[in-house]
Amino acid sequence: MSEKIRLSASKIKTLESCAWKYWCTYHLSLPRSSNDGAARGTACHLALEVLLNPRHRHKIDTILKSNTIESVPSLAKLVQKNLCQSGYYSEENYVMCDEMILVGLRCDFLGKEGGEINEPEKEFLIENEDPEYRLLGYMDKPVEYKEDSEVVIVDYKSSKQKFSKSEQEFNIQALSYILAAKKVWPDIK
């Protein structure tokens, strides 16, 4: 009996872009090279995830009023430390992270009125029989609007490249979120 492969949006996207890269990464387990863009994305994602914790939410107003994460020294140190650990600390990368975090906080970070963020980093596993597949993923920030029977799934993007037209029209990650949402919240839009 063959082992079922757990798919993810990133695995599918890698396979779609280059079968050899997929094979090397997921079958041969060769280490992937990183870059400063990926390091910035990881640092920003971590900072935004920390700010979603209810005990840290008061820091959001402080950052927004001052226009910099420097106003919350613990968060600034977290970003710097994360960039250093990845080997990509530079003043330029740090400033870019500061700017990206501000963008994230200014874009309905806690959702619109009536929204609740109950489970950031929501894990999902979809197992299907026909056709047979397993899809594993994480939603950065599902915002539930119970009164409207709606959920908005937010995914942090910190890439310096915008989505291509084809990625906007057919986004594997967005489709996997739709499948997951139908399973996790079957009665809402």
Side-chain angles (χ1 to χ4, degrees), residues 8-10 12-13 37-80 82-83 93-126 135-189:
S8 68
S10 60
I12 294 169
K13 189 174 179 180
R40 285 191 304 268
T42 300
C44 290
H45 189 281
L46 177 62
L48 292 170
E49 191 176 325
V50 164
L51 291 170
L52 279 176
N53 184 315
R55 72 174 199 240
H56 297 301
R57 286 189 182 171
H58 67 280
K59 296 175 182 178
I60 295 170
D61 288 334
T62 304
I63 294 167
L64 290 173
K65 284 178 186 169
S66 66
N67 263 348
T68 179
I69 62 171
E70 290 285 315
S71 60
V72 178
S74 58
L75 190 70
K77 285 180 187 174
L78 177 71
V79 170
Q80 289 171 347
N82 194 273
L83 288 170
N93 279 336
Y94 175 74
V95 168
M96 288 175 78
C97 285
D98 191 6
E99 292 168 355
M100 286 188 269
I101 292 166
L102 282 167
V103 168
L105 294 177
R106 289 183 181 128
C107 294
D108 291 325
F109 183 67
L110 296 175
K112 295 185 179 176
E113 188 175 331
E116 293 180 23
I117 303 165
N118 296 316
E119 201 174 340
E121 284 299 307
K122 173 83 173 151
E123 180 181 25
F124 63 86
L125 175 63
I126 299 170
L135 181 64
L136 174 69
Y138 297 87
M139 298 176 212
D140 288 344
K141 185 174 63 177
V143 184
E144 296 177 54
Y145 296 91
K146 292 186 175 142
E147 193 171 298
D148 298 329
S149 293
E150 182 177 90
V151 67
V152 174
I153 300 168
V154 177
D155 188 75
Y156 305 132
K157 294 296 179 202
S158 54
S159 173
K160 61 182 174 184
Q161 291 182 339
K162 292 183 178 181
F163 284 127
S164 68
K165 185 171 171 73
S166 65
E167 286 176 313
Q168 289 176 22
E169 292 172 357
F170 184 79
N171 185 292
I172 298 285
Q173 189 172 22
L175 293 172
S176 68
Y177 288 165
I178 290 169
L179 282 172
K182 289 193 175 291
K183 179 181 178 184
V184 176
W185 300 281
D187 299 326
I188 62 176
K189 295 186 273 182

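Residues take their numbers from the sequence shown, with the count starting at 1.
More than 12 heavy atoms of other residues, nucleotides or ligands sit less than 6.0 Å from atom NZ of Lys183.
Residues Ala47 and Val79 approach most closely at CB-CG2, 3.9 Å, considering heavy atoms. Listed here is the closest heavy atom pair of Ile126 and Ala180: CD1-N, 3.3 Å. Shortest non-hydrogen contact noted between Trp185 and Pro142 is CH2-CB, 3.6 Å.
The side-chain contact (heavy atoms from CB on, under 4.5 Å) check on Val72 picks up Lys59, Thr62, Ile63, Ser74, Leu75, with sequence neighbours excluded.
Side-chain contact between Leu52 and Leu110 is present, with heavy atoms from C-beta onward closer than 4.5 Å. Between Phe109 and Leu48 there is a side-chain heavy-atom pair separated by less than 4.5 Å. At least one side-chain heavy atom of Leu136 sits under 4.5 Å from a side-chain heavy atom of Glu123.
Between the side chain of Tyr177 and the backbone N or O of Tyr138, at least one donor-acceptor pair lies under 3.5 Å. Side chain of Lys112 to main chain of Tyr145: no donor-acceptor pair is present (N/O by atom type, distance under 3.5 Å, no hydrogens or angles).
Each of Lys141, His45, Met139 was compared with Glu121 under the side chain to side chain contact (heavy atoms under 4.5 Å, CB included) criterion, and only His45 meets it.
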Evaluation steps, side-chain contact (heavy atoms from CB on, under 4.5 Å), between Glu119 and Val184: CA-CA 12 Å; Glu119 201 174 340; Val184 176; over 6 Å; no
Only pairs under 3.5 Å count here: list side-chain donor-acceptor contacts from residues 94-106, not counting sequence neighbours, and write none if there are none.
{"residue": "Tyr94", "atom": "OH", "partner": "Glu70", "partner atom": "OE2", "Å": "2.2"}
{"residue": "Asp98", "atom": "OD1", "partner": "Ile69", "partner atom": "N", "Å": "2.9"}
{"residue": "Asp98", "atom": "OD2", "partner": "Thr68", "partner atom": "OG1", "Å": "2.7"}
{"residue": "Arg106", "atom": "NH2", "partner": "Asn67", "partner atom": "OD1", "Å": "2.2"}

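Going from atom NZ of Lys146 over to atom CD1 of Ile188 covers 9.0 Å, rounded to the nearest 0.5 Å. One distance of note links CG of Leu78 with CG of Leu46; it measures 4.5 Å at 0.5 Å rounding.
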